[in-house]
Amino acid sequence: MFCTNCGQPNDDTAKFCINCGNRLVPESGPAYERAQEPQSWECSFCRSLNDADCVFCTYCGQRRHIVDDAEEPDTAGEWATSPSEYAQLEAVASSPEPGVQSRKGKYGLVAAVVVVALIVGGGLLWYRHSGNGVHDASETTETADSSDSVKREKAQKKESKKETKSSSSDFVKKKTLDRKTMDALVNPYDTSSGSVAVSVMTSDKTVSYSSEHAYLSMSSAGLYLPPWLGYYDKSGSSPASDYSAALTSMDNDKANDLIDAVGGLDALNSWLDARGYSSTRFGHRYGDVETAGLGYQNTTSSDDAAKMLTAMIAKGDDGLLTYDVTTDGVNVPSGATVHAHRGMGVGDAYDYYMVVSNGSRKVAIVVLTQNQSKKQAVSLTSGVLRQVWNTMLSDGK
């Protein structure tokens, strides 16, 4: 039987041409009448057209599928192949016939084209990164240098933050007294027969120490700050021009004039409530011993008084507190500046309101005592001053 495609003689029993793989069918019969083999075929994988004599796709290498007489085309439009036909195709593919060799030559040509493309592409890549590629290399170097610079900058910022945080932490530690040390100093004075309250606060209102009774209301002998601060809020300016003697010499008349300027005792107490001084109350005017003896006392807590001192620092009027505590025997640390008031009155109250400074930083200290002797009050105040100075201010910063 001669192949209708290439003319190759084949055995009468062969179904496929040994030269080109074309289906061999008799000139008559159902199979012949059904269809002639196409002159070209479409690859089911890449959809490329191939010559009829190709067993494999010359573009992607996919094997051609062929159907026998009893089979129908599949849904993809290609031809299914039976096991026996696959065997014949394998024989054709491995055949040393000239037609097969020519197909191998085609595959070799495709492979050669691929190799050439790889060589050309590699050459272009080499050219880019050498010779004329100097500019690109410099750009790469600049990018790397820029990346390193950014990394160094981030590392420096991180280190700077650590140093700032460490410095801030150290400063907070310096501003805060050790509670155990302070309690060991204060608590022995706080007995069943007498009580004490101590508060220490920095100028930014950071509480450095508050003793156990620092929040309690106690007699406020010598506290001239409330009417001064109340007038300041009402008028918007310092009362120093007309009422400075209320602080510089603790003049009762001038202090009472300030109360009147604020609006009287009721108005002053309302102002105290509005500003959060909840433990501070005025039951009588300054020097009114008779009313005080009837139980209408002026009271405050050491915490309230310390906050008032920080308000005086903020307004710049703390320097008007001019009482010299050393005249009572209070020991002032060398190098320290102390602006203070001292009061004594009902219930054997002996109180100190002080702003201590090292020249660049200020700390408010309040010591209130009830039913204590002057000697005890002086001793406690000296001890508190010493601890504040040594812990918070002696570095001179």
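Bear in mind that the values here come from a model prediction, so they are computed numbers and not experimental data.
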Check your understanding: If you look at every heavy atom in Leu258 and Trp228, which pair is closest and at what distance?
Key -> CD1-CE3, 3.7 Å

Review point. Should Asn10 and Phe16 count as side-chain neighbours, where that means a heavy-atom distance under 4.5 Å?
Key: no

Review point. With side chains defined as the heavy atoms from C-beta onward, is the minimum distance between Leu177 and Val388 less than 4.5 Å?
Key: yes

**Study point:** Single hit among Tyr231, Phe282, Tyr277 for ring-ring contact (aromatic ring centres under 6.0 Å, His included) with Trp271
**Key:** Tyr277

Check your understanding: Are any of the side-chain heavy atoms of Val384 and Tyr209 separated by less than 4.5 Å?
Key -> no

Check your understanding: Quick one: does Gln387's side chain get under 4.5 Å of Asp178's, heavy atoms only?
Key -> no

Practice item. Check whether any side-chain N or O of Asp351 sits under 3.5 Å from a backbone N or O of Thr369 as a donor-acceptor pair, and report yes or no. Key: yes

Exercise for review: Please confirm whether the backbone N or O of Tyr189 pairs with a side-chain atom of Gln372, one donor and one acceptor, at under 3.5 Å?
Suggested key: yes

Review point. Counting N and O atoms only, with roles assigned by atom type, does the side chain of Lys315 sit under 3.5 Å from a partner on the main chain of Leu229, one being a donor and the other an acceptor?
Key: no

**Study point:** Worked verdict on Leu368 versus Thr300 for side-chain contact (heavy atoms from CB on, under 4.5 Å)
**Key:** CA-CA 9 Å; Leu368 304 181; Thr300 193; 4.2 Å; yes

Exercise for review: Looking only at non-hydrogen atoms, find the nearest pair between Ser219 and Gln370 and report the distance.
Suggested key: N-OE1, 3.5 Å

Exercise for review: Without swapping roles, check the side chain of Asp204 against the backbone of Thr206 for a donor-acceptor pair under 3.5 Å.
Suggested key: yes

Check your understanding: Taking the side chain from His213 and the backbone from Ala197, do they hold a donor-acceptor pair closer than 3.5 Å?
Key -> no

Practice item. Determine yes or no for a side-chain-to-main-chain donor-acceptor pair under 3.5 angstrom, with Asp266 supplying the side chain and Gly264 the backbone. Key: no

Practice item. In sequence, state the C-alpha distance, the side-chain angles, and the governing distance for Tyr243 and Thr248, and then conclude on side-chain contact (heavy atoms from CB on, under 4.5 Å). Key: CA-CA 9 Å; Tyr243 306 99; Thr248 56; over 6 Å; no

Point to revise | Note, Thr381 side chain near Met354 side chain (heavy atom, < 4.5 Å) | key: yes

Point to revise | Residues forming a salt bridge (Lys or Arg N to Asp or Glu O under 4.0 Å) with Asp273, sequence neighbours excluded | key: Arg281

Name each donor-acceptor pair under 3.5 Å that joins a side chain in residues 303-314 to protein atoms two or more places apart or in another chain, with its distance.
residue: Asp303; atom: OD1; partner: Ser199; partner atom: OG; Å: 2.5
residue: Asp303; atom: OD1; partner: Ser210; partner atom: OG; Å: 2.9
residue: Asp304; atom: OD2; partner: Ser279; partner atom: N; Å: 3.0
residue: Asp304; atom: OD2; partner: Thr280; partner atom: N; Å: 3.3
residue: Asp304; atom: OD2; partner: Thr280; partner atom: OG1; Å: 2.9
residue: Thr310; atom: OG1; partner: Lys307; partner atom: O; Å: 2.6

Point to revise | Atom of Lys234, atom of Gly263 and distance for their closest heavy-atom approach | key: NZ-N, 4.4 Å

Revision key, fill the gap. Per side chain to side chain contact (heavy atoms under 4.5 Å, CB included), Tyr224 is matched among Leu320, Asn252, Leu321 by Asn252

Point to revise | In one Ile/Leu/Val/Met/Phe/Trp/Tyr side-chain cluster, 4.5 Å: Val198, Tyr215 | key: no

Exercise for review: Measure the CG-CD distance between Asn50 and Glu42 for me, rounded to the nearest 0.5 Å.
Suggested key: 9.5 Å

Exercise for review: State whether a side-chain donor-acceptor pair under 3.5 Å links Tyr286 with Asp251.
Suggested key: no

Review point. Mind checking whether Cys3 and Cys20 have side chains closer than 4.5 Å, heavy atoms only?
Key: yes

Check your understanding: Does the Asn298 side chain pair with the main chain of Gly283, one donor and one acceptor, at a distance under 3.5 Å?
Key -> yes

Exercise for review: Kindly say whether Asp324 contributes a backbone atom to a donor-acceptor pair with the side chain of Thr327 at under 3.5 angstrom?
Suggested key: yes

Exercise for review: Verify, without hydrogens or angle tests, whether Ser357 (side chain) and Thr337 (backbone) share a donor-acceptor contact under 3.5 angstrom.
Suggested key: no

Review point. If you take all heavy atoms of Tyr353 and Ala221, which pair is closest and at what distance?
Key: OH-O, 3.1 Å

Point to revise | Any residue meeting side-chain contact (heavy atoms from CB on, under 4.5 Å) with Ala184, in chain and number order, not counting sequence neighbours | key: none

Check your understanding: Passes ring pair (Phe, Tyr, Trp, His ring centres under 6.0 Å), Tyr323 versus Tyr352? Steps please.
Key -> CA-CA 10 Å; Tyr323 184 80; Tyr352 286 99; 7.2 Å; no

Exercise for review: Indicate, with yes or no, if Val367 and Leu216 share a hydrophobic cluster defined by side-chain heavy-atom contacts under 4.5 Å among Ile, Leu, Val, Met, Phe, Trp and Tyr.
Suggested key: no

Practice item. Give a yes or no on whether Lys374 atom NZ has more than 12 heavy-atom contacts from other residues, nucleotides or ligands under 6.0 Å away. Key: yes

Exercise for review: Answer yes or no: is there a side-chain heavy-atom contact under 4.5 Å between Val330 and Ser382?
Suggested key: yes

Check your understanding: Under 3.5 Å, side chain of His341 to main-chain N/O of Leu223, donor-acceptor pair present?
Key -> no

